[in-house]
Amino acid sequence: MRVAIVGKGGVGKTTIAGTLARILARRGRKVLALDLDPNPGLGWSLGMEPSEIALPAGIAVHTEGLPRPLAWKLAEGTTAAAELERYAEPAPDGVTYLCPGKIWGASFLEEHSLFAVREIVRGTTEAGWDIVTDIDAATAVSCGRFLEFAEQLYVVTTPQRASAITARRLQDLLIAWPLTMLASMSQGEADHDCLAPKARIPFDETVKDADRRGVPLIEAFPDSPVVAAVDELATQLLEADAAG
Ligand SMILES: Nc1ncnc2c1ncn2[C@@H]1O[C@H](COP(=O)(O)OP(=O)(O)O)[C@@H](O)[C@H]1O
Ligand SMILES: [Mg+2]
């Protein structure tokens with residue numbers, strides 16, 4: 001199962017992605033939490049110390065003369081499992097965390113790095129992993145052609161209009177992908193036009209409290225209604241996955 005959480009900054013993507021990854025892992029799934037947001041976040045949300053690990057050049061190699069999507073392959077002699085072993089980091093609850101690099105890292109979003117991620121995602125999918133990707137809107141668009149890393153794109157909105165504008169842009173730009181709307185920080189407001197959510201994550205003050213304390217929500221406030229809503233989302237995802 002491959003899910004990406006996408007949307008405007010500040011809508012709650014990283015909170016949802018980190019909590020979802022841990023809930024899936026607690027249910028016994030092998031989970032890769034993939035951090036494609038160039039700003040720090042998913043590692044924090046999972047409960048990890050910040051790290052500077054990035055995918056170096058050379059994992060994916062380019063062959064001249066082939067169409068672009070086919071031109072990149074993992075380098076001879078390596079496998080997705082081997083690269084994951086080398087560059088991924090363990091996170092709480094048995095989640096595996098991978099980040100191709102942050103804004104200050106030279107490799108972030110360079111072609112070799114994205115294709116390396118794509119190949120690692122392909123390999124781990126075949127090996128039965130769940131992949132939860134945290135990705136900001138701009139990055140999602142700039143790497144739309146790499147969206148094989150997700151079969152399910154959850155577009156997160158809040159009651160704020162700006163988040164709906166971003167969601168509509170994503171609908172226009174990512175036309176080939178089925179987008180599912182997810183209402184975050186919801187306090188009973190009316191839905192945005194044409195953006196009816198499939199699921200709702202309530203507003204809950206404890207999220208900010210956990211954030212300020214630097215403790216993952218699922219540890220600081222396991223009874224938060226936000227954890228319950230993400231748990232419900234996990235159930236829906238697993239049911240859909242089991243139904244094929
Ligand atoms: N359901 C929620 N209720 C209240 N505050 C939230 C909720 N989800 C996230 N927040 C807060 O909103 C801010 C942005 O959340 P974050 O998950 O980092 O969003 P994004 O990854 O989309 O930028 C953080 O301060 C976080 O604590
Ligand atoms: Mg974020």
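We count ligands from 1, going down the list as the structure has it; atoms in each ligand are counted the same way. Heavy atoms only: backbone and side chains are in, while hydrogens, waters and symmetry mates are out. Keep in mind it's a predicted model, so treat the numbers as computed, not measured.
Compare Pro202, Gly12, Ser184 by their heavy atoms: the one nearest to atom 1 (N) of ligand 1 is in Pro202.
For ligand 1, the polar-atom distance check finds no N/O of Val226 at less than 3.5 Å from any of the ligand's N/O atoms. For a threshold of 3.5 Å applied to N or O pairs, the pair formed by Ile201 and ligand 1 contains no separation below that value.
Ranking protein heavy atoms by distance to atom 7 (C) of ligand 1, first place goes to Val207 CG1, 3.6 Å. The protein atom (non-hydrogen) at minimum distance from atom 23 (O) of ligand 1 is Gly10 N, 2.7 Å. Atom 12 (O) of ligand 1 has Met185 CE, 3.4 Å as its closest protein atom, hydrogens excluded (heavy atom only). Closest protein heavy atom to atom 11 (C) of ligand 1: Lys208 NZ, 3.6 Å. Among protein heavy atoms, the minimum distance from atom 24 (C) of ligand 1 is reached at Asp211 OD2, 3.4 Å. Residue, atom and distance of the protein heavy atom nearest to atom 17 (O) of ligand 1 are Thr15 OG1, 2.6 Å. In terms of protein heavy atoms, atom 18 (O) of ligand 1 is closest to Thr14 CB, 4.1 Å. Here the protein heavy atom with the shortest distance to atom 4 (C) of ligand 1 is Asp204 O, 3.1 Å.
Looking at Arg29 and Asp241, a side-chain N of the basic residue comes within less than 4.0 Å of a carboxylate O on the acidic one, giving a salt bridge.
For the pair Val227 and Pro222, the minimum side-chain heavy-atom distance is 4.5 Å or more. Ile59 places none of its side-chain heavy atoms less than 4.5 Å from the side chain of Arg86. When side chains are defined from C-beta on, Tyr154 does not count as touching Lys13, because their heavy atoms never get closer than 4.5 Å. At a threshold of 4.5 Å between non-hydrogen side-chain atoms, the residues Gln152 and Met1 do not count as touching.
Residue side and main chain included, Thr15 places no N/O/S atom under 2.8 Å of the Mg ion (ligand 2).
With values rounded to the nearest 0.5 angstrom, Ile135 atom CD1 is found 12.0 Å from Leu42 atom CG.
Ligand 1 lies out of reach of Gly41, whose nearest heavy atom is not under 4.0 Å from it.
Remark: Asp193 CG is loosely packed, at most 12 non-hydrogen atoms of other residues, nucleotides or ligands lying under 6.0 Å away.
In the hydrophobic cluster analysis, where Ile, Leu, Val, Met, Phe, Trp and Tyr join through side-chain heavy atoms closer than 4.5 angstrom, Phe115 is grouped apart from Val61.
Under the 3.5 Å distance criterion, with hydrogens and angles disregarded, a donor-acceptor pair is assigned to the side chains of Arg27 and Thr235.
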Does the salt bridge (Lys or Arg N to Asp or Glu O under 4.0 Å) test come out yes or no for Arg26 and Asp231, once each step is laid out?
-> CA-CA 11 Å; Arg26 285 181 181 190; Asp231 194 80; over 6 Å; no

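For Lys8, every heavy-atom contact with ligand 1 shorter than 4.0 Å involves the backbone, none the side chain.
For ligand 1, the atoms closer than 4.0 angstrom to any heavy atom of Lys13 are 17 (O), 19 (O), 20 (P), 21 (O), 22 (O), 23 (O). Under a 4.0 Å criterion applied to the non-hydrogen atoms of Val11, ligand 1 contributes the atoms 19 (O), 20 (P), 22 (O).
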